[in-house]
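Worksheet: the structure to be examined is printed underneath.
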Number of protein chains: 2
Amino acid sequence: MCEHGIIVYVEMREINPKIRIKDIAELAGVSEGTVDRVLHQRGDVSEKSKLAVTKVLEEMNYTPNLFARSLASKKQYRFVCLYPMHQPGEYWENVDKGFDLAAIDFIHHNVHVEKRWFNQFDSNSFIAVSNEVLSSEPDAVALSPIFREETIEFTNELTKRDIPFSFIDSQIDDVDFLTYYGQNSFKSGYIAAKLLLSELSEKAQILVIRTHRKGSASNQTLARNKGFMQYINEFNLQEKFELINVELNNDDENANLQTLKEKFNTYTNIKGAITFNSKVYRLAMHLAALDHADVRLIGYDLLEKNISYLKQDVVSYLIAQRPDKQAYFTVRDMCRELIFKQEIRKINYVPIDILIKENIEDYMYFTE
Amino acid sequence: MCEHGIIVYVEMREINPKIRIKDIAELAGVSEGTVDRVLHQRGDVSEKSKLAVTKVLEEMNYTPNLFARSLASKKQYRFVCLYPMHQPGEYWENVDKGFDLAAIDFIHHNVHVEKRWFNQFDSNSFIAVSNEVLSSEPDAVALSPIFREETIEFTNELTKRDIPFSFIDSQIDDVDFLTYYGQNSFKSGYIAAKLLLSELSEKAQILVIRTHRKGSASNQTLARNKGFMQYINEFNLQEKFELINVELNNDDENANLQTLKEKFNTYTNIKGAITFNSKVYRLAMHLAALDHADVRLIGYDLLEKNISYLKQDVVSYLIAQRPDKQAYFTVRDMCRELIFKQEIRKINYVPIDILIKENIEDYMYFTE
DNA sequence: CGTATCTTCGTGGGCGAACACGGAGGGCAG
DNA sequence: CTGCCCTCCGTGTTCGCCCACGAAGATACG
């Protein structure tokens, strides 16, 4: 009977990894409880039993049934997600969606995803919310490090309390985070330059839009800018393309329109324009109003308005970075680390997706 | 006690959808068994009870714990996947990976994924394998319809036996399939034309490579070709670009090299080249050998060799279609349909991904 | 040699759902 | 009134795993 059991399981090994704790116990000549103690390193096991179990575990290539595990376990997990509050249609809304989806997907593993927002233009708001998060004692934290110093202070506190945390969208190198999901901004700036400039065969002027965040400019846009410049330097295009810096602001669109109008009066050979933040739609809007739709436009992120201008051929390229996946995978990896005890990768650069009028539709469709 | 229960669950509704059958039963004033009968439409329930249960189900927004369900269910599922046998490094290897991953992910839902291969150059091989599949009585079949007529015969037989089937990679419209995952080939041909031609500012000759499959040319490549031509016609580029058709074959690389050499002797202004199948590496190889690396090259699919030439800047663009996801999602949707009883979408066009030297790395990295 | 203490380990109940089994109650014929 | 069938529905077992409880064996000490 016992021999028969062994034969069956050895046969099944390649085909079917459905080995149960019960089987392991039987093969090792111990009880299920002992196997469980070994599996969870809960002690109270003799060296001899432990060895026997470990050996069989190895041989049988045991993988636990994670569903049964979560079903039986009464441990609850709270993952807090900390990122900027936002309006509908903004970049962070896609992050929202990713967290929401993860919340549904992992709820039966006893995971509760809690979203917390702060004002990205006010570091005090971040400090306040992060303190609340701290005192609520979460099991893990996902956050977007908008404010460098304040984030470091927060994550140091988390480290002190043994609460793992993950970065999303951009990272801070000096602290010990669990995962990072985000785009390689430098590269994406380089690619933007390539896409925008390689099709301009003659000398031209290029508008480079900058928007000031109150306080500091974001890491993201700075790095993109650097990547952009790298391309120009690498191919010695300083002569061919004259870069015109334009400062826009977040509130006053009339002023922005005026600013752009002046630029077009001053410079008469403007053939391209780029924004390094997600608001290329604003530029598109003004250029359409000023009757300069022939200017090649490139920008970032799949906001609804951006997509609309892409479809209308006002924007030539959008560079996307799957923010929903970033959020989703961040939560998934927390599960893998804390619940499933699986290997995870620390640094995760998401693809730099190149979207044009012709492929945007299937792209959006596929990701629902 | 009962009231207390109600209050708790109503409170939890927004936050926590962890409503159990037991709760539903209690609220509806019936037993768990009755709820179960209603849920599975297994009959033997009075109109009154059924109504009560349905009402509570609705109100509580009940979603079953799919893990607990699979754990308890002893029903086993066999999904057979039918597609071309292949060498390492070929397109179909990525499909393999997707099926393998799905096999692991869904094994604890009692799903067994079985891969079957046929010779894509021999329709008899397909007929033989498909007959074997039929007699093995699978619960669902995923297949790539390489041979149109033979596939229709097969799927008709499947329909007769109430076995659902899904298409992958390309589809056949006239039969009633469960899902289709694949690229919109016409569009991807159109995009290829745009990418290849829009950067060529002067008159040029373009090599259009064709490879004959024994028997018929594939749907895929034909549609891509059509899309390509559509772009040229739409922008009246017939004058600007002279298309040179080149016929290559699958076996004799020396002959192919010779053929290309002759073309370059005959035509002296060749500036671009495209293949509509996945073997652009072959073209890249020959062009490198003939010292024509300046020719802009575009091709399809992320074979290792293709990627290598992309990284070396011999190939300018690769257009990709996530074959692994196609396979994975096909199996996932079978689970959703047959096991989870969830809504699925029939036609699923996968994104037309545009890869260049600069974004290929993060793309590959992200999908492991 | 009996008893107390510690280490090691087996057993049983429960997680949420599926499903088989059989019991309760009503209707109807004998 | 008894016996039988039919409709409706509650109960109990099972899936693989977790974990609390407490039993058995080993060791120490009076």
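Every chain is numbered from 1 and lettered A, B, ... according to where its sequence line falls, protein lines coming before strand lines. Everything numeric in this text was worked out from a predicted model, so none of it was measured.
Looking at the side chain of B/Ser73, the nearest of the listed nucleotides C/dC19, D/dC9, D/dC17 is C/dC19. Side-chain proximity of B/Asp44 to C/dC15, D/dG10, D/dC9: nearest is D/dC9. Side-chain proximity of B/Lys75 to the nucleotides C/dC19, D/dG10, C/dA18 is greatest for C/dC19. Closest contact between the side chain of A/Arg69 and the listed nucleotides C/dA17, D/dC18, D/dC9 involves D/dC18. When the nucleotides C/dG16, D/dG16, D/dT11 are ranked by their closest atom to the side chain of B/Ala68, C/dG16 comes out on top. Out of D/dC9, C/dA17, C/dC19, the shortest distance to the side chain of B/Arg20 is found at C/dA17. If you check D/dC21, C/dG16, D/dC9 against the side chain of A/Leu71, the one that comes closest is C/dG16. Among the nucleotides C/dG16, D/dG16, C/dC9, the one closest to the side chain of B/Ala72 is C/dG16. Taking only side-chain atoms of A/Asn65, from C-beta outward, the nucleotide of D/dG10, D/dC17, D/dC9 with the closest atom is D/dC17.
Comparing A/Glu32 and B/Ser49 against DNA chain D, the residue whose closest nucleotide sits nearer the 5' end is B/Ser49.
Atoms CG (A/Asp36) and C1' (C/dC9) sit 12 Å apart, rounded to a whole Å. Look at CD1 on A/Ile339: it is 15 Å from C1' on D/dC17, rounded to the nearest Å. The NE2 atom of A/His109 sits 14 Å away from the C1' atom of C/dG16 (whole-angstrom rounding). Counting to the nearest Å, the P atom of C/dG16 and the CG atom of B/Asp23 are 8 Å from each other. Whole-Å rounding puts the B/Ile21 CD1 to C/dA18 C1' distance at 8 Å. Atom NZ in B/Lys22 sits about 11 Å away from atom P in D/dT11, given to the nearest Å. Distance, A/Arg42 CZ to C/dT8 P: 15 Å, rounded to whole Å. Atom CE of B/Met60 is separated from atom P of C/dG16 by 16 Å (rounded to the nearest Å).
A cation-pi geometry, defined here as NZ or CZ lying under 6.0 Å from the six-membered ring centre and within 45° of its normal, does not hold between B/Arg322 and B/Phe329.
You'll find the ring centres of A/Phe106 and A/Phe79 outside the 6.0 Å limit.
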Would you check, one step at a time, whether the test ring-ring contact (aromatic ring centres under 6.0 Å, His included) holds for A/His109 with A/Tyr77? CA-CA 9 Å; A/His109 290 294; A/Tyr77 295 89; 9.8 Å; no
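Taking the charged nitrogens against the carboxylate oxygens, B/Asp333 and B/Lys346 have no contact shorter than 4.0 Å, which rules out a salt bridge. Ion pairing of A/Lys97 with A/Asp100 is absent here, as no side-chain N (NZ or NE/NH1/NH2) approaches a carboxylate O to less than 4.0 Å.
Counted within 6.0 Å of CD on B/Gln41, heavy atoms from surrounding residues, nucleotides or ligands total 12 or fewer; the atom is thus considered open.
The side chain of B/His108 contributes no N or O atom lying less than 4.0 Å from OP1 or OP2 of D/dG16. Between B/Arg37 and the phosphate of D/dC9, there is no side-chain N or O to OP1/OP2 separation shorter than 4.0 Å. At D/dC9, one or more side-chain N or O atoms of B/Ser46 fall inside 4.0 Å of OP1 or OP2 (strictly under the cut-off). At the phosphate of C/dA17, OP1 or OP2 sits under 4.0 Å from a side-chain N or O atom of B/Tyr62. Considering only side-chain N and O atoms, B/Thr34 lies nowhere under 4.0 angstrom from the phosphate OP1 or OP2 of D/dC9.
Nucleic acid contact class of A/Ser70 (heavy atoms, under 4.0 Å, all strands): none.
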